[in-house]
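Note sheet for the following structure.
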Amino acid sequence: MELADRAGRDTELQTRESRGAGVLSDLGPALDDLFDATDAPITFRRPWLQAWVGAFPRYEPWAITVATGERLDGVALLGRRRR
């Protein structure tokens, strides 16, 4: 089922924006579950992403999530740098 189809029928679908150094920790096991369910590569796993955050401190971690209740359905992980 496509996300657009689900969004029309599922009243619990919520989006959220999070920023800051604790974004990956805040998403925690829900993020791990999403990556497991989608068979994401190693470069999408939290330890790898946390290493990236540590290597590029000029970028502020930023996440946009789509969730149904406690289950994370989608995530966009970004880095923002102010000039």
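Atom set for the values below is all heavy atoms of this structure, side chains included, hydrogens, waters and symmetry mates excluded.
One finds the CG atom of Asp73 at 3.5 Å from the OG1 atom of Thr68 (value rounded to the nearest 0.5 Å). One finds the CZ atom of Arg45 at 16.0 Å from the CD atom of Gln50 (value rounded to the nearest 0.5 Å). With values rounded to the nearest 0.5 angstrom, Arg80 atom CZ is found 6.0 Å from Trp62 atom CH2. The distance from atom CD1 of Ile64 to atom CG of Leu77, rounded to the nearest 0.5 Å, is 9.5 Å.
Residues Val66 and Gln14 fail the side-chain proximity criterion, which asks for heavy atoms closer than 4.5 Å. Side-chain contact between Leu72 and Leu31 is present, with heavy atoms from C-beta onward closer than 4.5 Å. Thr15 is not listed as a side-chain neighbour of Thr65, based on a closest heavy-atom distance of 4.5 Å or more.
Leu78 and Leu27 fall into different hydrophobic clusters, defined by Ile, Leu, Val, Met, Phe, Trp and Tyr side-chain heavy atoms under 4.5 Å apart, directly or through other members.
At a threshold of 4.0 Å, the pair Asp26-Arg16 does not count as salt-bridged, since none of the basic side-chain nitrogens sits closer than that to a carboxylate oxygen.
For Arg58, the CZ atom sits in a loose shell: 12 or fewer heavy atoms of surrounding residues, nucleotides or ligands are nearer than 6.0 Å.
In plain terms, the two heavy atoms of Glu70 and Ala30 that are nearest each other are O-CB, 4.2 Å. Contact between Val75 and Ala63 at its shortest, heavy atoms only, is CG2-CB, 4.5 Å.
With sequence neighbours left out, the side chain to side chain donor-acceptor pair (under 3.5 Å) criterion links Arg19 to Glu17. Qualifying side chain to side chain donor-acceptor pair (under 3.5 Å) partners for Asp33, counting only residues two or more places apart in sequence or in other chains: none.
Sequence neighbours left out, not one pair with a member in residues 29-48 passes ring pair (Phe, Tyr, Trp, His ring centres under 6.0 Å).
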